[in-house]
Amino acid sequence: MSYSGELIIWDIDEKCASNSLTTILWKSFSNEKISNIISMPEMIEQNPVELRTKYLDIIYELGQKKIGSTFIVDFFTINKKFNYWWLTLINEKSNFAKSKWITDAISLIALEKFLEKNKFSSINLKTKNKNLVSSIQILCSQKNINFRYSYIRGYSKYFSFKFFIKLFLPTKLKSTIWFINYLILRWKLKGIGLDKWKKSKGNTTFVSYLFNLNSRSVSTGIFHSNYWGKLPDIISRKKISTNWLHIYEPDKMLKNANEAKTYLKRFNNNPLQSHVTIDTFLNLKIVLRTIKHWMVIIRKGKTLLKKIDILEKKNYLLPFLKKDLKESFYGHSSIKNLLYLNLIDLALTTIGHQKKCIYLQENQGWEFGLLQSWRAAGHGKIIGSPHSTVRFWDLRYFSSINSFDLNNIFSPPRPDFVGLNGKLADNHFKKSHYPKNEIIGVEALRYNYLNQNKKNSYSKNNRKNLLILGDYIYENTNYQLRLIEEIYEKIKNDFYIIFKGHPNCKINLNRYSKIKINYETSDDLSITLKHADLAFTSSETSASLDAYCYGLRVISYLNPRTLNINPLREVSDVDFVKNSAELLVALKNYQHKNENKKNVKSFFNTDVNLKSWINILN
């Protein structure tokens, strides 16, 4: 079907009024099958590969722009070791957490494609998003389309000290406050484990996170991580000495630096393991060096942003890109990445020669700093390990095909090898043209527990156990619980509700007074799934894949404000729901069957002996 005339783009919460004009719902689904009402989230899913490829190419090409006679990529070289450009949010592409505007960017690319096929004389935009106004204005100018808009001012429903800081304090001042607060809270970890680290005879380093520990770590004082499964135990039994460089983040188990300090000391009682955090290497020189580097980046950032203002008329994505550039140069992520860069660099220069490094790969800014520091220190091979799985719309794991040439100066640093844990991740990497000779197969450490037999414990009174799996992002978990609130009265007699939040997302269940949560758990998923019949998840959490492979019926809501990052996105027997009405239908249609677990091997490499991992370490 072709369209013409005036196009309305509806980007506000109010329900779109019915009319005969072609209307694009920018961040909502169309509940009515009306030919002139088009849902942008649904349009994106009609041609996702082309849209993703175009966005990745735009990011790649941005680095090739010049400031004077210098490419942007080269312009952010700090010294002979480091290039800061690779640590920016632009390069990270964390579209579900740090750079949520990328959904708008993908939508704008889809809109451009739509306008190429359909002729409109004018566009009328209704939105609260100033950047969207600027972007569509540029796009209309390029295509000689008349443009008008209604800008709806948004106001916060509450006022708090945090809201005041976020809204009114200058970005650089907020970053300075974050930096001082970080140093105060983490200085207690200074020097912890340092002597053992320097004297370590191990030649393999793991870079990991010190949170989301297995509950056994707290009870035994022995290092057990949900990220690494049984690997540390097997390594120790084989008498292999290893070094562990952790990035500490507070969670329910290690609430503060004092508790982290206590457990680090206990972990170091293992003679075959050396444990430190990056904060172990804090000192005055590191602080001053970080500030110096930040001043350099601020100066270079100002120069680039002036260049961006000139380019803006030519690129309709630049109003959004500027937001991340400003945060990357002035925001707390800039000084945080520079601090991590200097701490990791010191850690890698104070230990003996390492033959290999294995790190949890999520392609965050600090990881590109790790890659540069590792190679500058002259250590051996470095292997990235995506600990969960790879999802089509998780853009952190994808780059323009043009960037895979190792001799290309516009290519971001990447590990010597990436260890992929199964067919799902492997297929995504190969379809994105990632070099096959840099891919190695390893066991799925986080998912090996799925080989266990399923033992369901059903609640009384013939109710089924509905497990709500919370998300890393607060807004997603909040949306899940609000949907349950809307239908709770209609399901309360059929389901016993269990809630498991993400370890890094605090949720106050008292705010959801319309729901009775029968049981809240912080147990590991391997324990929690045994007691569930079906799971309700967000569109982004990887835990949906755990539940599916375990044999549970999975219902996931689709959030029209974000891309569908669910790892089960293309799996046919998963219920994706768009609203509470569809959720109610999915729940009412549920009938328990003695379902066997899915074929885990169709997703993951599983071997309890971890032969592939041990071969790598040997």
request  = Would you check if Y512 and R482 make a side-chain contact, meaning some heavy-atom pair closer than 4.5 Å?
outcome  = yes

inquiry  = Donor-acceptor pair, distance only, cut-off 3.5 Å: does the side chain of S135 make one with the backbone of Y316?
reply    = yes

remark   = Between L587 and F495 the two heavy atoms that sit nearest each other are O-CZ, 3.5 Å

query = So, are E45 and R569 salt-bridged, with charged N and O less than 4.0 Å apart?
reply = yes

ask   = Side chains of F320 and N129: does their closest heavy-atom pair fall under 4.5 Å?
value = yes

query = Can T389 and F603 be said to form a side-chain contact (heavy atoms from CB on, under 4.5 Å), step by step?
reply = CA-CA 9 Å; T389 188; F603 293 96; over 6 Å; no

message = A side-chain contact here means heavy atoms from C-beta on lying under 4.5 Å apart; do T541 and Y472 qualify?
response = no

task = Side-chain contact test, heavy atoms from C-beta onward, threshold under 4.5 Å: evaluate it for F499 versus I484 and give yes or no.
result = no

query = Which atoms form the tightest heavy-atom contact between G419 and I383, and what is the distance?
reply = N-CG2, 4.0 Å

task = Spell out, as yes or no, whether a donor-acceptor pair under 3.5 Å connects the side chain of Q480 to the backbone of F536.
result = yes

ask   = So H387 and Y227, would you call those rings parallel, tilted or perpendicular, with 30° and 60° as cut-offs?
value = perpendicular

key: Exam field: side chain D251 to backbone L254, donor-acceptor pair closer than 3.5 Å   = yes

task = Quick one: sort the W228 and W613 rings into parallel, tilted or perpendicular, breaks at 30° and 60°.
result = perpendicular

message = Please determine whether a side-chain nitrogen of the Lys or Arg among D13 and R561 lies less than 4.0 Å from a carboxylate oxygen of the Asp or Glu.
response = yes

query = Counting only heavy atoms not in K98, do more than 12 sit closer than 6.0 Å to its NZ atom?
reply = yes

Student check: side-chain heavy atoms of V574 and Y548 closer than 4.5 Å = yes

More than 12 heavy atoms from other groups under 6.0 Å of NZ on K322 = yes

message = With a 4.0 Å cut-off on N to O distance, would you call E475 and K100 a salt bridge?
response = yes

key: Partner residues of S28 under the side chain to side chain contact (heavy atoms under 4.5 Å, CB included) criterion, sequence neighbours left out   = L25

query = Less than 4.5 Å apart, any side-chain heavy atom of S208 and any of H246?
reply = yes

request  = Carefully, step by step, assess L111 and I9 under the rule side-chain contact (heavy atoms from CB on, under 4.5 Å).
outcome  = CA-CA 10 Å; L111 175 62; I9 298 178; 3.8 Å; yes

query = Counting only N and O atoms by type, is there a donor-acceptor contact under 3.5 Å from the side chain of T477 to the main-chain atoms of D471?
reply = yes

request  = Taking N226 for its side chain and N212 for its backbone only, find out whether a donor-acceptor pair lies under 3.5 Å.
outcome  = yes

key: Heavy-atom pair of closest approach, residues L558 and N564   = CD2-ND2, 3.5 Å

query = Heavy atoms, side chains only, cut-off 4.5 Å: are Y55 and I109 in contact?
reply = yes

remark   = Result for side chain to side chain contact (heavy atoms under 4.5 Å, CB included) between E443 and one of N609, V608, D607 points to D607

query = Can a salt bridge be assigned to the pair E14 and K126 using a cut-off of 4.0 Å between side-chain N and carboxylate O?
reply = no

Residue pair L469 / A547: nearest heavy atoms and the distance that separates them = CD1-CB, 4.4 Å

task = Look at the side chain of S328 and the backbone N and O of L89, then say whether any donor-acceptor pair between them is shorter than 3.5 Å.
result = yes

task = Sort out for me which residue in R553, K464, R463 forms a side chain to side chain contact (heavy atoms under 4.5 Å, CB included) with D533.
result = K464

request  = Determine the sole option in S556, S542, S538, S539 for which the side-chain hydrogen bond (donor to acceptor under 3.5 Å, both in side chains) test with N566 is passed.
outcome  = S556

Any donor-acceptor N/O pair, Y550 side chain to S526 backbone, under 3.5 Å = no

key: E61 side-chain N/O to I58 backbone N/O, donor-acceptor pair under 3.5 Å   = no

inquiry  = Test of understanding: with salt bridge (Lys or Arg N to Asp or Glu O under 4.0 Å), list the residues that count as partners of K492, not counting sequence neighbours.
reply    = E489

request  = Test side-chain contact (heavy atoms from CB on, under 4.5 Å) on V418 and E438 and set out the steps.
outcome  = CA-CA 6 Å; V418 58; E438 296 176 20; 5.5 Å; no

inquiry  = For E362, is there any backbone N or O sitting under 3.5 Å from a side-chain donor or acceptor partner on E92?
reply    = no

task = Mind telling me whether F429 and F398 have parallel, tilted or perpendicular rings, with 30° and 60° as the class edges?
result = tilted

query = What are the two closest non-hydrogen atoms of Y479 and K578, and how far apart are they?
reply = OH-O, 4.1 Å

inquiry  = Quick one, N465 and N518 - any side-chain contact, counting heavy atoms below 4.5 Å?
reply    = no

